[in-house]
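Heavy atoms only: backbone and side chains are in, while hydrogens, waters and symmetry mates are out. Just so it is clear, the structure is predicted and the values come from calculations on it, not from any experiment.
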Amino acid sequence: MKVAPSVLSADFGNLQRDVEEICNSGCDLVHVDVMDGHFVPNLTIGPIVVSSIAKCATKPLDIHLMVQNNTFFVELFAPLKPKYISFHIEEEKHPHRLIQKIRSLGIKPAIVLNPHTPPESIEYLLQDLDMVLLMSVNPGFGGQSFIESVIPKASKLNDMRNKLNPNCLIEVDGGVNDKNIQGLKDVGVDIVVAGNYIFKHNSKKEAIKSLQI
């Protein structure tokens, strides 16, 4: 299991310290949540802060867009060369076009599904994706409880991915901890995003290690 700590839960007064610490503690990716206050009722970091994160991170960036104008934000963050940029299928009118655009920029395209959105909604896009991110909380705020229905949903997506695009990774974001990690691994999840569990733990290294099962 790969682990992508969400910097949404970091101490923004000591952001460089926290980003360096998770990278030195064995994380695989640095997950960056970008919210515009429109698609979700929260407003988070913009390109200046994300650029600062990119400068001190020694692991690849995994940028998760929770925004209305996806193309604008893709172009905004593309110069930082993240490994992944993911966008919500619920907000994008032309997802195939945006997938192609992200890939043309040398970035791996990913699609995000909210808790209520079925895997079947991306059946005809799956072969063009490098990753699918399943939200296991409602997007917009950290610290929410894990929604258990993501387990059978991930299992269904795993079956689809094995038939249509075995190289596509499955990522889960929201309420992930050492109590539910085995259940996620059992249904084929490849990457987990964890915020509070890692950043509020006494040892970030121990927290990350407990998820890398």
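For residues 92-104, the salt bridge (Lys or Arg N to Asp or Glu O under 4.0 Å) pairs, not counting sequence neighbours, are E75-K101, R103-D130. Evaluation of the side-chain hydrogen bond (donor to acceptor under 3.5 Å, both in side chains) test over residues 20-29, restricted to residues two or more places apart or in two chains, returns Q16-E20, E21-K204, D28-Q212.
Not counting sequence neighbours, the partners of V67 by the side-chain contact (heavy atoms from CB on, under 4.5 Å) test are V34, D36, L65, N70, F73. Scored by the side-chain contact (heavy atoms from CB on, under 4.5 Å) test, D11 finds N14, R17, D18 as partners (sequence neighbours excluded).
By the criterion of side-chain heavy atoms lying less than 4.5 angstrom apart, applied directly or through intervening Ile, Leu, Val, Met, Phe, Trp or Tyr residues, I99 is grouped together with I107 in one hydrophobic cluster. Criterion: ILVMFWY side-chain heavy atoms under 4.5 Å apart, direct or through other members. Under it, L164 and L157 are part of a common hydrophobic cluster. Hydrophobic clustering of Ile, Leu, Val, Met, Phe, Trp and Tyr side chains at less than 4.5 Å, counting indirect connections, keeps L169 apart from L125. Note on I147: it does not cluster hydrophobically with L133, by side-chain heavy-atom contacts below 4.5 Å among ILVMFWY residues. Residues M131 and V3 do not share a hydrophobic cluster, clusters being chains of Ile/Leu/Val/Met/Phe/Trp/Tyr side chains in contact below 4.5 Å.
Counting heavy atoms from C-beta outward, E171 and V193 have side chains that approach closer than 4.5 Å. Counting only heavy atoms from C-beta outward, the side chains of I170 and V187 never approach each other to under 4.5 Å. In this structure, I45 and V32 have side chains that are in contact, with non-hydrogen atoms separated by less than 4.5 Å. Contact of the V192 side chain with the V189 side chain is registered, since non-hydrogen atoms from C-beta on lie closer than 4.5 Å. With contacts defined as side-chain heavy-atom distances shorter than 4.5 Å, the pair P5/I208 qualifies. The shortest distance between side-chain heavy atoms of M66 and V112 does not fall below 4.5 Å.
Summarising the geometry, atom CG belonging to L76 is positioned 10.0 Å from atom CG belonging to N69; distances are rounded to the nearest 0.5 Å. For the atom pair N180 CG and D186 CG, the distance stands at 11.5 Å (nearest 0.5 Å). To the nearest 0.5 angstrom, D173 atom CG is 6.5 Å from H64 atom NE2. Separating the CD1 atom in I198 from the CD1 atom in I22 is a distance of 7.0 Å, to the nearest 0.5 Å. Between the CD1 atom in I151 and the CZ atom in F146 there is a gap of 4.0 Å [rounded to 0.5 Å]. One finds the CD atom of Q127 at 15.0 Å from the NZ atom of K163 (value rounded to the nearest 0.5 Å).
For the pair N165 (side chain) and L129 (backbone), a donor-acceptor distance under 3.5 Å is present. A donor-acceptor distance shorter than 3.5 angstrom exists from the side chain of S136 to the backbone of G174, with no hydrogens or angles considered.
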Kindly indicate, with the supporting measurements, whether the criterion side chain to side chain contact (heavy atoms under 4.5 Å, CB included) is fulfilled by M35 and L43. CA-CA 5 Å; M35 309 179 195; L43 188 64; 5.9 Å; no

Derivation and outcome, side chain to side chain contact (heavy atoms under 4.5 Å, CB included), residues L134 and V132: CA-CA 6 Å; L134 300 179; V132 177; 4.2 Å; yes

Can you list the steps and then say if S51 with F77 is a side chain to side chain contact (heavy atoms under 4.5 Å, CB included)? CA-CA 8 Å; S51 179; F77 292 112; over 6 Å; no

Worked verdict on T44 versus L8 for side chain to side chain contact (heavy atoms under 4.5 Å, CB included): CA-CA 8 Å; T44 58; L8 185 63; 3.6 Å; yes

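Scanning all heavy atoms of the two residues, the minimum distance from V49 to F12 falls at CG1-CE2, 4.3 Å. Summarising the geometry of V30 relative to A57, their closest heavy-atom pair is CG2-CB, 4.2 Å, with the distance given to 0.1 Å. Across all non-hydrogen atoms, the minimal contact from H31 to D33 is NE2-OD1, 3.2 Å. When all heavy atoms of F39 and E91 are compared, the closest pair comes out as CD1-OE1, 3.4 Å. Annotation for K185 and I213: closest pair NZ-O, 2.7 Å, computed over non-hydrogen atoms.
Side chains of S210 and Y197: a donor-acceptor N/O pair is present below 3.5 angstrom, by distance only.
Classification of D190 and R161 as a salt-bridged pair holds, one side-chain N sitting under 4.0 Å from a carboxylate O.
Other residues, nucleotides and ligands place no more than 12 heavy atoms under 6.0 Å from the OH atom of Y124. Crowding of K59 atom NZ: a count of heavy atoms from other residues, nucleotides or ligands under 6.0 Å exceeding 12.
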Show me the donor-acceptor pairs within less than 3.5 Å that the side chains of residues 79-86 make with the rest of the protein, sequence neighbours left out.
residue : atom : partner : partner atom : Å
K81     : NZ   : L105    : O            : 3.0
S86     : OG   : I63     : O            : 3.3

Side-chain donor/acceptor pairs under 3.5 Å, residues 113-120, sequence neighbours excluded:
residue : atom : partner : partner atom : Å
N114    : OD1  : H88     : ND1          : 3.4
T117    : OG1  : E90     : OE2          : 2.5
E120    : OE2  : K156    : NZ           : 3.4

